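Report on the following structure.
Predicted model only: the values in this text are computed from it and were never measured.
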Amino acid sequence: MKQFISILLIAGFGILALVEQSKSHPNQYIMIGTMAVFMFGLFRLMKKIPSKKEDEDDTKI
């Protein structure tokens with residue numbers, strides 16, 4: 001449930017950034033804030049995905 005809420009928040013901030021960008025005069029502070037939250041959320045989700053390099057290193061030993 002917590003991961004689902006995180007995905008919704010990341011998608012929401014991504015959509016907000018796209019909508020703000022489409023305006024003729026986008027607010028730079030909103031753009032910076034939404035992109036920062038979007039990147040932080042992606043970082044948190046990607047942290048949970050195991051790396052392929054770790055699997056390759058185990059097979060070489």
Only distances under 3.5 Å count here; give the side-chain donor-acceptor pairs of residues 28-42 to other protein atoms, sequence neighbours excluded, each with its distance to 0.1 Å.
from	atom 1	to	atom 2	distance (Å)
T34	OG1	I30	O	2.9
T34	OG1	M31	O	3.1

Which donor-acceptor pairs under 3.5 Å do the side chains of residues 7-21 make with protein atoms, sequence neighbours left out?
from	atom 1	to	atom 2	distance (Å)
E20	OE1	K23	NZ	3.2
E20	OE2	N27	N	2.8

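The hydrophobic cluster analysis finds F43 isolated: no Ile, Leu, Val, Met, Phe, Trp or Tyr side chain comes under 4.5 Å of it, directly or through other members.
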